[in-house]
Amino acid sequence: MGRVYIEDIGAHQEREVTICGWLYNKRSSGKVRFLMIRDGTGVIQGVMSKSDVDEETFSLHEQLTQESSIIVTGKVRADDRAPGGYELIINGIELVHLAESYPITPKEHGTGFLMDHRHLWLRSSRQNAVLRVRSTVVKAIRDFFDDRGFILMDAPIFTPSACEGTSTLFETDYFEGKKAYLSQSGQLYAEAGAMAFGKVYTFGPTFRAEKSKTRRHLTEFWMVEPEVAYADLNDIMDLAEEMVEHIVGRVLETRGNELKVLERDTSKLEGIKRPFPRISYSQALEMRKEKEVHVQWGEDFGGEEETVISEMHDLPVMIHRYPGQCKAFYMKADPEDQRLALCVDMIAPEGYGEIVGGSQREDHLETLRKRVAEHDLPEESFRWYIDLRRYGSVPHSGYGLGVERTVAWMCGIPHVREAIPFPRTLYRLYP
Ligand code: 4AD
Ligand code: MG
């Protein structure tokens with residue numbers, strides 16, 4: 001008799017095992033008692049007959065409340081009728097803790113209520129499935145870069161400067177009257193890393209004081225940011241598309257059960273194969289005109305326009321060369337048309353919006369200094385960054401992929417707030 005996890009139960013048919021878990025649900029039918037037991041890796045139905053256990057164990061069924069912690073011993077039996085394909089023929093139950101009346105019951109609850117109980121909601125099978133997919137997405141990303149010789153380079157969270165515009169900076173008090181800002185992106189540090197290691201990636205939480213209440217925005221989200229020396233815009237478009245194909249492939253390969261729980265239409269994901277369409281901002285503007293979405297040349301695309309474009313394709317779409325005026329200070333201008341930035345946004349299909357934003361970086365010293373000034377950024381805080389253009393400056397490029405939007409897309413869930421264990425939004429800092 002040994003402890004096993006429910007996800008591995010198939011390897012223990014006809015053997016006696018012990019499961020350490022919690023009571024998910026229970027019911028009775030005549031002289032038989034059923035316990036749905038979950039252990040975090042799955043749910044299994046336990047069956048208890050009066051003849052198999054002592055009186056005390058049998059009567060425990062009555063007492064057990066939802067989410068009580070129990071250690072259950074029994075024999076594993078394959079049964080096609082059982083949810084999951086296996087049953088546990090119980091011969092012993094040890095009660096570890098009798099749970100108080102559990103706030104989340106099988107009846108319908110509003111999202112606000114569930115989010116207030118996020119610390120418990122994580123136990124539900126849907127939320128469990130989403131966060132398992134997240135874990136796989138993160139691992140797939142790390143493997144992708146590690147296997148290609150990228151060095152992981154962690155960027156600081158406290159920073160002296162803005163990376164993605166001053167309007168979404170979280171400010172905190174540092175020491176001696178100094179201000180620190182929570183990092184909006186590890187990119188600037190990744191650029192220093194690329195010059196030191198050739199190719200690097202940062203992977204960590206990033207912060208945006210976004211007052212947006214959309215289903216795509218969090219104030220704290222996770223981003224992976226590769227940065228490559230001697231790479232141009234095309235090189236990182238190739239990299240981004242290869243990475244996204246890899247992530248989707250890994251999720252399909254290893255998270256079939258979770259996608260089933262989520263009722264995800266996997267045929268949509270199975271079709272995600274390179275090459276992805278690449279269109280310029282100007283072409284995208286034309287396409288939108290046909291769809292009656294009117295945006296002036298020079299404006300960035302919002303969620304609505306992204307949705308229109310994504311709905312015209314089954315694959316992620318890479319839109320490149322936006323007008324520089326609506327993009328960040330560090331992007332290099334297109335030598336063919338100085339009004340354009342050498343940048344790319346990848347728009348996910350099915351209306352999931354922008355999942356990747358990247359660019360070739362301005363590598364010329366004086367041009368970069370001019371950009372910093374034009375964006376009203378304090379050169380003092382960027383001295384180190386500008387330095388990178390003084391000592392062996394090279395063309396280099398990178399991008400950032402938002403983990404939560406990617407997870408939401410994989411899972412087919414409408415809102416990014418369920419794609420992170422404890423979401424932070426304009427209105428939510430608890431739990
Ligand atoms: O397009 P963004 O702002 O790009 C950068 O931060 C660059 N410095 C990245 C780089 O080149 N190294 O953000 C990149 C991605 C977006 O495409 C989106 O997926 C995600 O980060 N993202 C958000 N996700 C959730 N909530 C928010 N408020 C987000 N803002 C950006
Ligand atoms: Mg962007």
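Just so you know, ligand 1 is whichever comes first in the structure, and atom 1 is the first atom listed for that ligand.
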Discussion item. With a 4.5 Å cut-off on side-chain heavy atoms, are Phe197 and Glu227 touching?
Written reply: no
Worksheet item: Excluding waters, which protein N, O or S atoms are within less than 2.8 Å of the Mg ion (ligand 2)?
Response: Glu354 OE2
Discussion item. Does ligand 1 come near enough to Gln184 that some N or O of the ligand is less than 3.5 Å from an N or O of the residue?
Written reply: no
Discussion item. Please report whether ligand 1 has a polar contact with Leu218, defined as an N or O pair separated by less than 3.5 Å (distance criterion only).
Written reply: yes
Fill in: Residue Gly357 vicinity, atoms of ligand 1 by number, heavy atom under 4.0 Å
1 (O), 9 (C), 10 (C), 11 (O), 17 (O)
Discussion item. Is it the case that the side chain of Ser69 and the backbone of His97 share a donor-acceptor pair, with hydrogens and angles ignored and the cut-off at 3.5 Å?
Written reply: yes
Practice prompt. Check ligand 1 against Ser185 and write out every atom of the ligand that is under 4.0 Å from a heavy-atom position of the residue.
Written response: 6 (O), 8 (N)
Discussion item. I'd like to check whether Glu164 has a polar contact with ligand 1, where a contact means an N/O of the residue lying under 3.5 Å from an N/O of the ligand.
Written reply: yes
Worksheet item: Are any of the heavy atoms in Glu404 under 4.0 Å away from ligand 1?
Response: no
Discussion item. Can you classify the ring geometry of Phe329 versus Tyr385 as parallel (below 30°), tilted (30 to 60°) or perpendicular (above 60°)?
Written reply: perpendicular
Discussion item. Test of understanding: given a 4.0 Å heavy-atom threshold, classify the contact between Arg361 and ligand 1 as side chain, backbone, both, or neither.
Written reply: side chain
Worksheet item: Are any of the heavy atoms in Arg216 under 4.0 Å away from ligand 1?
Response: yes
Worksheet, complete the sentence: Residue, atom and distance of the protein heavy atom nearest atom 6 (O) of ligand 1 read Arg208 NH2, 2.9 Å
Worksheet entry | Per-atom contacts, ligand 1 versus Glu210 - under 4.0 Å to a heavy atom | 28 (N), 30 (N)
Worksheet item: Ring centroid separation for Trp384 and Tyr189, is it under 6.0 angstrom?
Response: yes
Discussion item. Check this for me: does any side-chain nitrogen of one of Asp39 and Arg3 sit under 4.0 Å from a carboxylate oxygen of the other?
Written reply: no
Worksheet item: Less than 6.0 Å separating the ring centroids of Tyr181 and Phe170?
Response: no
Item to complete: With heavy atoms under 4.0 Å as the rule, classify the contact between Val356 and ligand 1 as side chain, backbone, both or neither.
Response: backbone
Item to complete: Record the part of Glu225 in heavy-atom contact with ligand 1 below 4.0 Å; permitted values are side chain, backbone, both and neither.
Response: side chain
Worksheet item: Is there a side-chain contact between Tyr427 and Lys213 (heavy atoms, below 4.5 Å)?
Response: yes
Discussion item. Between ligand 1 and Ile355, is the shortest N or O to N or O distance under 3.5 Å?
Written reply: yes
Worksheet item: So, does Ser280 use its side chain to make a donor-acceptor pair with the main chain of Gln283 at under 3.5 Å?
Response: yes
Practice prompt. Specify the protein heavy atom at minimum distance from atom 1 (O) of ligand 1: its residue, its atom name, and the distance to 0.1 Å.
Written response: Glu354 OE2, 2.9 Å
Item to complete: Any atoms of ligand 1 less than 4.0 Å from a non-hydrogen atom of Gly402? List them with their elements.
Response: 15 (C), 19 (O), 20 (C), 21 (O)
Worksheet item: Hey, are Asp334 and Arg339 close enough for a salt bridge, meaning a charged N less than 4.0 Å from a carboxylate O?
Response: no
Worksheet item: Taking everything shown except Phe422 itself, do over 12 heavy atoms lie less than 6.0 Å from its CZ?
Response: yes
Fill in: Any donor-acceptor pair under 3.5 Å from Glu164 side chain to Gln184 backbone
no
Discussion item. Can you confirm if the aromatic rings of Phe382 and Tyr330 lie within a centre distance of less than 6.0 Å?
Written reply: no
Discussion item. Can you confirm, on distance only, whether ligand 1 has an N/O atom lying under 3.5 Å from any N/O atom belonging to Gln187?
Written reply: yes
Worksheet item: Does the ring of Phe144 carry Arg148 above it, NZ/CZ under 6.0 angstrom from centre and within 45° of its axis?
Response: yes
Discussion item. Applying a heavy-atom cut-off of 4.0 Å, say which part of Phe221 lies close to ligand 1: side chain, backbone, both or neither.
Written reply: side chain
Item to complete: Record the part of Tyr330 in heavy-atom contact with ligand 1 below 4.0 Å; permitted values are side chain, backbone, both and neither.
Response: side chain
Worksheet item: Against heavy atoms of Gly400, which atoms of ligand 1 measure under 4.0 Å?
Response: 9 (C), 10 (C), 11 (O), 12 (N), 14 (C), 15 (C)
Worksheet, complete the sentence: Under 4.0 Å between heavy atoms, the region of Met223 that gets near ligand 1 turns out to be side chain
